[in-house]
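A short write-up of the structure that comes next.
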2 protein chains.
Amino acid sequence: MQTQTTPTAPQPQASGRSLEHPRREAIRLEDVLHALSDPMRMRVVRTLAEETCELSCSVFDLPVSKSTTTHHFRVLRECGVIHQIYRGTAKMNALRRADLDALFPGLLDSVLAAAALQEGRLGGDGS
Amino acid sequence: MQTQTTPTAPQPQASGRSLEHPRREAIRLEDVLHALSDPMRMRVVRTLAEETCELSCSVFDLPVSKSTTTHHFRVLRECGVIHQIYRGTAKMNALRRADLDALFPGLLDSVLAAAALQEGRLGGDGS
DNA sequence: CAAGTAGTACGGCGATCGTCAAACTACACT
DNA sequence: AGTGTAGTTTGACGATCGCCGTACTACTTG
C-alpha cells in the first residue's frame with residue numbers, strides 16, 4: 001500500500017524545517033514511562049505500533065484540539081518514543097522501535113501487550 | 001526470625017488503621033506507568049523487587065522529607081503497585097508482583113531490567 | 001496569486017505534581 | 001507516665017501538565 005504518485009519523481013521528501021530528536025543514548029526511562037502514562041499518547045503509540053509504515057499526525061483524529069495534538073506528538077518525540085519528519089505539508093510519525101528495543105529490551109512489547117490486555121478487560125471503551 | 005515477645009500472643013500483626021488498596025482488576029496501566037515515571041518511586045520499587053520480604057518505609061532513606069516519602073508510598077499503594085500493612089509502629093511494604101504479573105505479564109520485569117540497564121549506562125549515579 | 005490543508009507558536013486556564021515544614025497520631029520501651 | 005520512633009495530615013509553594021482558542025507558517029493545488 002504505497003502512496004507514490006510518479007514512478008520517476010520521488011514523493012515529497014524531508015522538507016523544510018528540522019525536528020530535534022534525542023540521540024538514542026539520551027533517551028531516559030522515566031521520560032518514556034511518563035509519556036506512555038497519558039491515554040492520548042498511549043493511543044498514538046499503539047496505533048503506530050500496529051502499522052509498519054509512517055503515519056501522518058492527521059490520521060489519528062484524537063478527541064482533542066489540533067494544538068493539543070501537536071503538544072502530545074511533541075512530547076513523544078522529545079522523549080524519544082517517536083521519530084517525526086516533514087513530508088510535504090504532512091508530518092510523518094514512526095515509532096523508534098529499534099532504539100527503544102535496544103535501550104529497554106522487551107519494554108515496549110510488554111507495555112503494548114498490557115495495554116491490549118487491559119482494553120480487553122475493560123470492554124474496549126476504556127471507561 | 002520472628003519478633004515474638006510472649007509465646008501466647010502473636011507478634012505485632014496488622015494493627016490499628018486499615019489501608020485502602022485497589023482490587024487487582026481495578027489496577028490501571030496508566031496509573032502504574034505514571035507511578036513508575038518518578039525516580040523516587042522507581043527507586044522504591046526496584047529496592048522492593050530485590051528483596052523477597054517486606055520492607056518498612058524507613059529503610060529506604062530517600063533524599064526527601066518524611067512527608068514526601070509518605071506521599072510517594074501512598075501513590076504506589078493507591079495505584080496498586082505495592083501492598084502496605086501496619087506492623088507495630090512500622091509500615092511494611094511489598095511489591096504486588098502476583099497482581100501485576102497477572103494483569104500485565106512481563107511488564108514489571110522489563111521495567112526493572114530497563115532501569116538496571118539504564119543505571120549501568122549512566123554510570124550508576126543516574127545524573 | 002489565491003485558496004485550502006497540515007501543523008506550529010503563543011499565551012492562558014485550572015488541575016495535578018513533587019516538595020517542604022509544622023503539628024499531630026500510634027505504638028514501643030523504659 | 002514519659003520519651004522516642006515511625007509515619008500521617010494539613011496547608012502551602014512553585015513547577016508542570018493537559019487542554020483550549022487564536023493567530024501564524026509552510027506547503028500544495030487550482
Side-chain angles (χ1 to χ4, degrees), chain A residues 3-6 9-20 28 30-44 54-79 82-93, chain B residues 3-6 9-20 28 30-44 54-79 82-93:
Chain A
T3 350
Q4 247 165 335
T5 41
T6 329
Q11 72 276 55
Q13 287 287 19
S15 55
R17 349 156 243 175
S18 58
L19 271 342
E20 283 192 11
R28 300 291 238 95
E30 317 84 273
D31 297 340
V32 171
L33 294 179
H34 169 248
L36 295 179
S37 73
D38 181 274
M40 230 43 97
R41 290 191 292 256
M42 175 63 91
R43 181 162 150 174
V44 169
E54 299 169 324
L55 295 177
S56 79
C57 289
S58 53
V59 310
F60 290 89
D61 196 37
L62 303 177
V64 291
S65 74
K66 265 202 311 179
S67 32
T68 302
T69 300
T70 294
H71 162 71
H72 284 309
F73 277 101
R74 179 139 65 102
V75 170
L76 286 171
R77 170 172 46 85
E78 289 182 344
C79 78
I82 65 172
H83 177 86
Q84 301 189 288
I85 57 163
Y86 286 106
R87 187 102 69 190
T89 118
K91 191 187 213 167
M92 307 306 289
N93 303 276
Chain B
T3 348
Q4 252 169 324
T5 40
T6 330
Q11 76 276 48
Q13 287 286 22
S15 55
R17 338 147 255 182
S18 59
L19 271 341
E20 283 192 11
R28 299 291 238 97
E30 316 86 271
D31 298 340
V32 171
L33 294 179
H34 169 248
L36 296 178
S37 73
D38 181 273
M40 235 35 105
R41 291 192 290 258
M42 175 64 90
R43 181 162 152 173
V44 168
E54 299 169 325
L55 294 178
S56 79
C57 290
S58 52
V59 310
F60 290 90
D61 197 37
L62 303 177
V64 291
S65 73
K66 269 203 307 178
S67 32
T68 302
T69 300
T70 295
H71 162 71
H72 284 310
F73 277 101
R74 179 140 63 101
V75 170
L76 286 171
R77 170 171 48 84
E78 290 182 342
C79 77
I82 66 173
H83 177 86
Q84 301 189 289
I85 57 164
Y86 285 106
R87 188 103 69 190
T89 117
K91 191 188 212 165
M92 308 306 291
N93 302 276

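Naming: A, B, ... by sequence-line order, numbering from 1 per chain.
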**OP:** May I have the step-by-step check of side-chain contact (heavy atoms from CB on, under 4.5 Å) for Thr69(B) and Val64(B), ending in yes or no?
**Re:** CA-CA 7 Å; Thr69(B) 300; Val64(B) 291; 3.6 Å; yes

**OP:** State, with a plain yes or no, whether a side-chain heavy atom of Leu33(B) is found less than 4.5 Å away from one of Met42(A).
**Re:** yes

**OP:** Could you tell me which residues satisfy side chain to side chain contact (heavy atoms under 4.5 Å, CB included) with Cys57(A), sequence neighbours excluded, listed by chain and number?
**Re:** Phe73(A), Gln84(A), Lys91(A), Asn93(A)

**OP:** In sequence, state the C-alpha distance, the side-chain angles, and the governing distance for Arg74(A) and Glu20(A), and then conclude on side-chain contact (heavy atoms from CB on, under 4.5 Å).
**Re:** CA-CA 10 Å; Arg74(A) 179 139 65 102; Glu20(A) 283 192 11; over 6 Å; no

Roughly how many Å is it from [atom1] in [X] to [atom2] in [N], rounded to a whole number?
{"X": "Ile85(B)", "N": "dG7(D)", "atom1": "CD1", "atom2": "C1'", "result": "15 Å"}
{"X": "Met42(A)", "N": "dG18(D)", "atom1": "CE", "atom2": "C1'", "result": "17 Å"}
{"X": "Asp31(B)", "N": "dC17(D)", "atom1": "CG", "atom2": "C1'", "result": "15 Å"}
{"X": "Leu62(B)", "N": "dG7(D)", "atom1": "CG", "atom2": "C1'", "result": "13 Å"}
{"X": "Phe60(B)", "N": "dG7(D)", "atom1": "CZ", "atom2": "C1'", "result": "14 Å"}
{"X": "Leu19(A)", "N": "dG7(C)", "atom1": "CG", "atom2": "P", "result": "12 Å"}
{"X": "Glu78(A)", "N": "dT16(D)", "atom1": "CD", "atom2": "P", "result": "13 Å"}
{"X": "Met92(B)", "N": "dC27(C)", "atom1": "CE", "atom2": "P", "result": "16 Å"}

Subject >> Steps toward side-chain contact (heavy atoms from CB on, under 4.5 Å) verdict (His71(B), Arg41(B)) >> reply: CA-CA 10 Å; His71(B) 162 71; Arg41(B) 291 192 290 258; 4.3 Å; yes

I'd like a list of close polar pairs between nucleotides 11-13 of chain C and the protein, N/O only, cut-off under 3.5 Å.
none

**OP:** Indicate for each nucleotide in nucleotides 14-25 of chain C, in 5' to 3' sequence, whether protein heavy atoms under 4.0 Å reach the base (B), only the sugar-phosphate (S), or nothing (-).
**Re:** ---SSBBBB---

For [X] versus [Y], what's the shortest heavy-atom pair and its separation?
{"X": "Pro39(A)", "Y": "Glu30(B)", "value": "CG-CG, 4.4 Å"}
{"X": "Val32(B)", "Y": "Cys79(B)", "value": "CG2-O, 3.9 Å"}
{"X": "Arg43(A)", "Y": "Asp61(A)", "value": "NH2-O, 3.8 Å"}

Subject >> Short side-chain N/O contact to dG7(D) OP1/OP2 from Ser58(B), under 4.0 Å >> reply: yes

Subject >> side-chain contact (heavy atoms from CB on, under 4.5 Å) assessment of His72(B) paired with Leu76(B) >> reply: CA-CA 6 Å; His72(B) 284 310; Leu76(B) 286 171; 5.5 Å; no

